[in-house]
Amino acid sequence: MLQRTDHLTKRYGIPDGHTLARYLADGGYEQARRSLSMTREALVNECKAANIRGRGGAGFPMGVKWSFMAQKVAPERPHYLVINADEGEPGTFKDRSMMEQDPHSTIEGCIIGCRAIGAHVAYIYVRDELHLAKERLWTAIHEAKAKGFLGAQPFGIEYPVEIYVHSGAGAYICGEETSLLNSLEGRRGEPRLKPPFPAQAGAFGMPTTVNNLESIATVPVMMRLGGENFSKISALHPKEGGSRLYGVSGHVNTPGIFECAVGLTLRELIYDLGGGVKGGELLAVIPGGSSTPILRATELVDAPGESHPLHAWHGQSVLDVPMGVETFRGLGTMLGTCCATVLSDQACPVRAMHNLMRFYRHESCGQCTPCREGSGWLERLLDKIVAGNGTLDDLNRLHEVANSIMGNTICAFGEGTAMPALGFLRKFRREFEEYVRTGGRSSSNRLALPPSPLVGASPALHPAAE
Amino acid sequence: MAFQLTTEREDQLAEIFARYPNKMAACLPVLHLAQEQHGWLSEEVMAWAATTVGVSTAHILGVATFYSLYRTHPAGKHHVWVCRTLSCALNGADRLIEHCEKRLGIQVGETTADGAVSLHTAECLASCGTAPMMQIDREYHENLTFEKVDVLLDRLRKP
Ligand SMILES: Cc1cc2nc3c(=O)[nH]c(=O)nc-3n(C[C@H](O)[C@H](O)[C@H](O)COP(=O)(O)O)c2cc1C
Ligand code: SF4
Ligand code: FES
């Protein structure tokens, strides 16, 4: 059942929602103050009870991640908290809304997070393009510092905390946590082999926790309500707790970011929040950023076995399954960032895949041959197919190339390319074959809707030289 | 002449170094600072950055060429990036890019003859809910129409 909440978005849309005054009026920084007198163990347990699943894409339990940090902090091995606000996953625009509209939640979350993992310094890694977001975060940091909430003695307590914003420089791969750490250290943003994991050797070789920006911004609210109460907001409690940000874009009438209890369905996201599909009927939806395999509107849940975690939804539309880390894994896709991209039946799936594979080719860091060459092959084969020169053999080759990337790379970018590629090919086999057979002449062969929102407002063109 | 920061930026530089446990970590912010002043990262700028951060020029070149927002060639005064990734493409990004090319009289990747504008495409800029969109210098422009784009582009070319 659709359950909108405003734990995270209370200050969204309010003109002064990003200011310290507004944040304090809502009881802001009380949890940071309280947390600095709590033990690390108590904070980690609170986070575990909240069942917050990481919101950057992989969905790892946040409290468990915090517990990986060494209990004793050796003076020569300081701990670091690093916040991932690289937000580059196509279709995803939630962290940006949080930074721009409510930066203080992130700053307060960082103070609590630092305490929980034994760190005194937090870096917020923001992609360079988000200038307003960076400015809002820096202002929030300076405001908090001026009030004595940060620095050598936050709230008068002997637990120094400093927070810095670190700007990226244009590279999707820097969202991958080890690439991000290299980038933070002043290097090329190339992912590192794991192990060692960041909790052992992260930023500057020191124990580090990397949390997504929405994950950390959720922490103050979680502390205010109490971990367990926060978890219970979710329809999937106790597996996944709380409320979170959902996004919807593409072919919907009212795209945007909406906060709901965890366990929203895609049907609710698309129709109740997204205002329904524009320009036709629903063809398919990419549930949580472009790396999560696409779901077709006509798909039904196939889970006849009683022990299957999705058995309760057997025979129902995939659009009616609550969006969760495990439920969506059961559907053969991923929850990802909870920002869905909607395709109406006026859009061509071959072109959609082409668009995304061009993205992955552009963004591969190039370290691993299967990823660097494979993403190039995928794009070139699709160039050929889209131009009307493809063969059925090329479709098989796409499969082969995607399969040869899987499991053969340093980082999950490889799977993030191959899985959605295989998803498109499997779900739209008929459309791909028809496209190849007719050279694209039988399909709509476009992505944008015919009555483009751009047209109508267009004045006569005139050459730039005039 | 060797590259030098303005006094105001010199102060920022000191503040940047204070954020990190070592100097190398200042690499990205230092390159941003230099590019902001010089417009692009010339050989002199990179040599300066290497000395300032205490790394080799090879390291600086490696970093400068890895990230798409560092420019190792001179470019226009203003930068227009049109997002071309899926959510924007579903909302007409391709036509928007064509429109910009015609309006500016250049192709993506080029700079207008007056040196005012460089046109680029961008990958998803985290603004998918307000597609189609473009970034001009530091600002986002969302829910674009041809009309809005014309006003924005023409403004960049006013002498
Ligand atoms: C190719 C790639 C890109 C990623 N991009 C992002 C990103 O933009 N933002 C993010 O928070 N996590 C991103 N991640 C996931 C991070 O590696 C990491 O799992 C996450 O930041 C951990 O935070 P969380 O546990 O709070 O989700 C990406 C992962 C991969 C493999
Ligand atoms: S999988 Fe791709 S992005 Fe990841 S390290 Fe290898 S080449 Fe780079
Ligand atoms: S696809 Fe254009 S901003 Fe995301």
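Letters go in sequence order (proteins before strands), and every chain restarts at 1.
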Checklist entry - Which pair of non-hydrogen atoms, one from A/Arg188 and one from B/Tyr67, has the smallest distance, and what is that distance? => result C-OH, 3.6 Å

Item to check | Which atoms of A/Arg446 approach chain B - backbone, side chain, both or neither, heavy atom under 4.5 Å | outcome: neither

Next on the checklist: With chain B as the partner, which of A/Gly88, A/Ala352, A/Gly247, A/Ser167 has the greatest number of non-hydrogen pairs under 4.5 Å?
Outcome noted: A/Ser167

Checklist outcome for this item: Answer key: most heavy-atom pairs under 4.5 Å with chain A among B/Met24, B/His32, B/Arg19 is B/Arg19

Checklist entry - Looking at B/Arg138, B/Gln135, B/Glu139, which one has more heavy-atom pairs under 4.5 Å with chain A than the rest? => result B/Arg138

Next on the checklist: Heavy-atom cut-off 4.5 Å, strictly under: side chain, backbone, both or neither for A/Glu185 against chain B?
Outcome noted: backbone

Next on the checklist: Are the side chains of A/Lys278 and B/Asn91 in contact, using a 4.5 Å heavy-atom criterion?
Outcome noted: yes

Checklist outcome for this item: Heaviest contributor of heavy-atom pairs below 4.5 Å to chain A, chosen from B/Arg84, B/Lys23, B/His59, is B/Arg84

Next on the checklist: Counting only non-hydrogen atoms closer than 4.5 Å, can you tell me which residues of residues 45-57 of chain B sit against chain A?
Outcome noted: none

Next on the checklist: Below 4.5 Å, heavy-atom pairs only: which of A/Ala203, A/Ala347, A/Ser183, A/Gly170 has the largest tally toward chain B?
Outcome noted: A/Gly170

Checklist entry - By a 4.5 Å heavy-atom criterion (distance strictly below it), what part of A/Cys174 contacts chain B: side chain, backbone, both, or neither? => result side chain

Next on the checklist: Ignoring hydrogens, what is the shortest heavy-atom contact between B/Arg95 and A/Leu449? Give both atom names and the distance.
Outcome noted: NH2-O, 3.5 Å

Checklist outcome for this item: Distance col, row A/Phe93:CZ vs B/Met133:CE, nearest 0.5 angstrom, shows 12.0 Å

Checklist entry - Which class fits the ring pair B/Tyr20 and A/His166: parallel under 30°, tilted 30 to 60°, perpendicular over 60°? => result perpendicular

Item to check | Validation row: B/Leu28, A/Asp128 side chains within 4.5 angstrom (heavy atoms) | outcome: no

Checklist entry - Which bit of A/Ile286 is near chain B, if near means a heavy-atom gap under 4.5 Å: side chain, backbone, both or neither? => result side chain

Next on the checklist: Given heavy-atom pairs under 4.5 angstrom as the criterion, report whether the side chain, backbone, both or neither of A/Leu184 touches chain B.
Outcome noted: both

Checklist outcome for this item: When rounded to the nearest 0.5 Å, the distance separating CZ of A/Arg96 from OH of B/Tyr140 is 6.0 Å

Checklist entry - When rounded to the nearest 0.5 angstrom, what distance separates CG in B/Leu86 from CG in A/Asn355? => result 5.0 Å

Next on the checklist: For A/Phe359, which atoms come within 4.5 Å of any heavy atom of chain B: side chain, backbone, both, or neither?
Outcome noted: both

Checklist entry - Which pair of heavy atoms, one from A/Gly250 and one from B/Leu90, lies closest together, and at what distance? => result CA-CD1, 3.9 Å

Checklist outcome for this item: Of A/Glu129, A/Glu89, A/Glu87, the largest count of non-hydrogen pairs under 4.5 angstrom with chain B goes to A/Glu129

Item to check | Engaged part of A/Val252 at the chain B interface, taking heavy atoms whose separation is under 4.5 Å | outcome: neither

Checklist outcome for this item: Among residues 121-129 of chain B, those lying within the under-4.5 Å heavy-atom range of chain A are B/Glu123, B/Cys124, B/Leu125, B/Ala126, B/Ser127, B/Cys128, B/Gly129

Next on the checklist: Heavy-atom pairs under 4.5 Å with chain B - which of A/Gly91, A/Gly189, A/Ala171, A/Pro90 has more of them than the others?
Outcome noted: A/Gly189

Next on the checklist: Only pairs of heavy atoms separated by less than 4.5 Å count here; which of A/Arg351, A/Glu363, A/Arg358 has the most with chain B?
Outcome noted: A/Arg358

Next on the checklist: Contact between A/Tyr80 and B/Pro21 at the side-chain level, heavy atoms closer than 4.5 Å - yes or no?
Outcome noted: yes

Checklist entry - Which answer fits B/Asn22, side chain, backbone, both or neither, if we ask what part of it has an atom under 4.5 Å from a heavy atom of chain A? => result side chain

Checklist entry - Counting only heavy atoms not in B/Glu43, do more than 12 sit closer than 6.0 Å to its CD atom? => result no

Item to check | Structural part of B/Ala116 lying under 4.5 Å from a heavy atom of chain A | outcome: neither

Checklist entry - By a 4.5 Å heavy-atom criterion (distance strictly below it), what part of A/Ile173 contacts chain B: side chain, backbone, both, or neither? => result side chain

Next on the checklist: So for A/Tyr172, is it side chain, backbone, both, or neither that comes closer than 4.5 Å to the heavy atoms of chain B?
Outcome noted: neither

Item to check | Part of B/Ala89 lying under 4.5 Å from any heavy atom of chain A | outcome: both

